[in-house]
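To start, the structure under review is shown below, and the notes come after it.
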Amino acid sequence: MAGRGELSRYFIGAGVKVLRRTEVDPTVSKGHEFQGVDLFRSFVGTPPEREKIPVTWIWMDDSDEEPQSVEAPGTWYNSRARTPHRSPEYRLYYPAAAAPLVQRARAGDTLFLCMTSARRVLAILCPGGSTAERRLLWLFSLQLTDDFTLSQNDIGDSGGREIDAAARFILGELGIEAVEPDPPATERLIRKFGLRFPTTLQLSAFARETLPGIDPLEDPDAALVAWAEHEEDLFRWMERQIVADRLAQGFMQGDVADVAGFLGFSLSVQNRRKSRAGYAFAHHTEALLKAWGITHTREARTEKRSAADFLFPGEVEYADPAFPGERLSMLAVKTSCKDRWRQVLSEAARIPEKHLLTLEPAISRAQIAEMQGQGLRLVVPKVLHQTFHPEQRDWLIGVKEHLTWLKASGGAG
């Protein structure tokens, strides 16, 4: 997984603190302000008077819902302006427009203050101990303290971490699309498919064919990530061309703006993005299984209407009550888990330990513990293991490790 530029392209600096009840609970305080954030003035400045600053307020948690956000100016001010004999202490006041979102947080939850390269502050709130918290701590190389004050990182000086697959995943959740140079093979892509979207199966195959130097037998972990990234780059490039062409045509019907047409087009773009990623990941996973010669059934039916993404050695063996249950295994495939990992638990009742392959980085201790309690084991490409807590890494399974196990378990074709 090659680096794709540094985080400093998007952020100047970031800080994190644990929230007090007086900062977010309106039954305790009507203050509407974050305290202990004075250190952030190294990015915001030290204005002599109250100053309005552009802020996007964001609530993130571990549910399947998209992060909620609202744009509303915050007020940055010196709370000790009237006591000049004391050293300044700057605070951030959040307006009434942001209060419903901010006050979803509770005492002990986490606040991230992030200054973007466009000089807009992202005030991100998330539950303490959540996967969202873990990801942002990793992305910004931050550590929490227990004194309710901000600790921060000057990303502009350090450059920040490389924009790899994990960082790109997290930036995407923040609504930031990592812009990369045009990927190789774009001319071949247009010659083959024209200015129209190929099917996901076609694009996945094209991505694998046009990415040299990949060895799925020697390093399937790297191959899976590289294929997924390359296909994503190709898709986003083609999407930009198609969307730009459609926008150039305009959305007018005579002298009347075609609002319904525009909204429908916009919705189709978003839906295509969401549905394509999961199918593409499964296509690349199957390519690995075929390369390793592992017998399987894709989208196999098990009990009632339940289905497994991949069943080993296959659907016929699973349906045969005489076939030994210990020789059966299943693999679910999801680019991200969130709450959707629980869907896997109802698949393939004959197989007590489920396996789930994901590209999701930095899952929290609490969520991992819940998965362990439910008999679910995560398969994660090796390069993403670094984003997890050290004590979790021995429990994670790498892709090559899992393929080797599958083959040894009787899955060789």
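Hydrogens, waters and symmetry mates play no part in the numbers below; they use all other heavy atoms, side chains included. When a residue number appears, it is its place in the shown sequence, counting from 1.
At distances below 3.5 Å, not a single donor-acceptor pair connects side-chain atoms of Arg104 with backbone N or O atoms of Pro100. Looking at Asp25, its side chain never comes within 3.5 Å of a backbone N or O of Thr22 through a donor-acceptor pair. The backbone N or O of Thr387 lies less than 3.5 Å from a partner atom in the side chain of Arg134, making a donor-acceptor pair. With hydrogens and angles ignored, the 3.5 Å screen pairs no side-chain donor or acceptor of Gln152 with any backbone N or O of Gly13. Not a single donor-acceptor pair under 3.5 Å links the side chain of Ser364 to the backbone N or O of Ser130. No donor-acceptor pair closer than 3.5 Å links the side chain of Asn153 to the backbone N or O of Ala14. Proximity of a side-chain donor or acceptor of Trp292 to a complementary backbone N or O of Pro216 within less than 3.5 Å is detected. Without hydrogens or angle criteria, Thr116 side chain to Phe11 main chain gives no donor-acceptor distance under 3.5 Å. Using a distance-only test at 3.5 Å, with no hydrogens or angles considered, a donor-acceptor pair links the side chain of Arg246 to the main chain of Gly250. Here the side chain of Asn78 pairs no donor or acceptor atom with the backbone of Tyr90 at under 3.5 angstrom.
Heavy atoms of other residues, nucleotides or ligands lying less than 6.0 angstrom from CD of Gln249 number more than 12. At most 12 heavy atoms of other shown residues, nucleotides or ligands fall within 6.0 angstrom of atom CD in Gln143. Open room surrounds CZ on Phe262; 12 or fewer heavy atoms of other groups in view lie less than 6.0 Å from it. Shown here is Asp245, whose CG atom has more than 12 heavy atoms of other residues, nucleotides or ligands within 6.0 Å.
A salt bridge does not link Glu177 to Arg168: none of the charged side-chain nitrogens sits closer than 4.0 Å to a carboxylate oxygen. Electrostatic pairing of Glu65 and Lys338 does not count as a salt bridge here, judged by no charged N lying under 4.0 Å from a carboxylate O. Arg272 has no carboxylate O lying under 4.0 Å from a charged side-chain N of Glu239, or vice versa, which leaves the two without a salt bridge. A salt bridge does not link Arg236 to Asp233: none of the charged side-chain nitrogens sits closer than 4.0 Å to a carboxylate oxygen. Taking a cutoff of 4.0 Å between a charged side-chain nitrogen and a carboxylate oxygen, Glu23 and Lys17 qualify as a salt bridge. Salt-bridge annotation for Arg240 and Asp182: present, with a side-chain N of the basic residue lying under 4.0 Å from a carboxylate O of the acidic one.
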- Item | Verdict with supporting geometry, Glu231 and His284, side-chain hydrogen bond (donor to acceptor under 3.5 Å, both in side chains) | CA-CA 10 Å; Glu231 178 171 356; His284 297 312; 2.6 Å; yes
- Query: Would Met238 and Thr186 count as a side chain to side chain contact (heavy atoms under 4.5 Å, CB included) if you check the C-alpha gap in whole Å, the side-chain angles of each, and the deciding distance to 0.1 Å?
  - Reply: CA-CA 8 Å; Met238 177 169 272; Thr186 54; over 6 Å; no
- Task: Given ring-ring contact (aromatic ring centres under 6.0 Å, His included), test Tyr94 with Phe34 step by step and report yes or no.
- Result: CA-CA 8 Å; Tyr94 55 89; Phe34 296 123; 5.2 Å; yes
- Task: List the steps and the verdict of side chain to side chain contact (heavy atoms under 4.5 Å, CB included) for Arg208 and Leu211.
- Result: CA-CA 6 Å; Arg208 294 192 297 273; Leu211 193 62; over 6 Å; no
- Message: Phe312 vs Tyr318, test: ring-ring contact (aromatic ring centres under 6.0 Å, His included). Steps then yes/no.
- Response: CA-CA 8 Å; Phe312 310 95; Tyr318 186 88; over 10 Å; no
- Task: Might you work through the side chain to side chain contact (heavy atoms under 4.5 Å, CB included) test for Leu359 and Val225, ending with a clear yes or no?
- Result: CA-CA 8 Å; Leu359 293 176; Val225 173; 4.3 Å; yes
- Pair Met252-Asp258, side chain to side chain contact (heavy atoms under 4.5 Å, CB included): steps then yes or no: CA-CA 5 Å; Met252 299 293 292; Asp258 182 11; over 6 Å; no
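Residues Leu125 and Val102 have side chains in contact (heavy-atom distance under 4.5 Å, counting atoms from C-beta outward). Taking the side chain as every heavy atom from C-beta outward, Pro361 and Ile170 approach each other to under 4.5 Å. Looking at Leu92 and Tyr77, their side chains never come closer than 4.5 Å, going by heavy atoms from C-beta outward. Using a 4.5 Å heavy-atom cutoff, the side chains of Val344 and Leu376 are in contact. Here the side chains of Ile190 and Leu195 are in contact, with some heavy-atom distance below 4.5 Å. With a 4.5 Å cut-off on side-chain heavy atoms, Phe169 and Ser336 count as touching. When side chains are defined from C-beta on, Trp237 counts as touching Leu189, because their heavy atoms get closer than 4.5 Å.
Remark: the Gln202 side chain and the Thr199 side chain contain an N/O donor-acceptor pair separated by less than 3.5 Å. In summary, the side chains of His85 and Arg80 do not present any donor paired with an acceptor at a separation below 3.5 Å, with no hydrogens or angles considered. At a cut-off of 3.5 Å, with distance as the only test, no side-chain donor of Arg301 or Thr297 sits close to an acceptor on the other residue. Under the 3.5 Å distance criterion, with hydrogens and angles disregarded, no donor-acceptor pair is assigned to the side chains of Gln374 and Arg342. In the model, Thr56 has a side-chain atom that pairs as donor or acceptor with a side-chain atom of Arg120 under 3.5 Å.
The cationic group of Arg276 lies under 6.0 Å from the six-membered ring centre of Phe235 and within 45° of the ring axis, placing it in a cation-pi geometry. A cation-pi arrangement is absent between Arg393 and Phe388 under the rule of less than 6.0 angstrom and at most 45 degrees off the ring axis.
For His355 and Trp405, the distance between ring centers is under 6.0 angstrom. A centroid separation of 6.0 Å or more is found between the aromatic rings of His230 and Trp227.
Between Gln367 and Trp341, the shortest heavy-atom contact is NE2-NE1, 3.3 Å. Minimum heavy-atom separation, Arg161 to Leu139: NE-O, 3.2 Å. Heavy-atom minimum distance, Asp219 versus Ala222: OD1-N, 3.2 Å. Looking at every heavy atom in both residues, Ala178 comes nearest to Ile163 through CB-CG2, 4.1 Å. Residues Leu328 and Pro313 share a closest heavy-atom pair of CD2-CD, 4.0 Å. What you find for Leu384 and Ala166 is that their closest heavy atoms are CD2-CB, 3.8 Å.
Between Phe140 and Phe112, the angle of the ring planes lies from 30° to 60°, which puts this pair in the tilted group.
His385 NE2 to Leu396 CG: the interatomic distance, rounded to the nearest 0.5 Å, is 4.5 Å. Here OG1 of Thr200 is found 8.0 Å from OH of Tyr279. Values are rounded to the nearest 0.5 Å. The CD1 atom of Ile351 sits 8.0 Å away from atom OG1 of Thr302, with the distance rounded to the nearest 0.5 Å. Rounded to the nearest 0.5 angstrom, Thr110 OG1 and Glu133 CD are separated by 3.5 Å. Atoms CD1 and CG, on Ile124 and Leu111 in that order, are 9.0 Å from each other to the nearest 0.5 Å. Rounding to the nearest 0.5 angstrom, the gap separating the NE2 atom in His402 from the CG atom in Asp221 is 11.5 Å.
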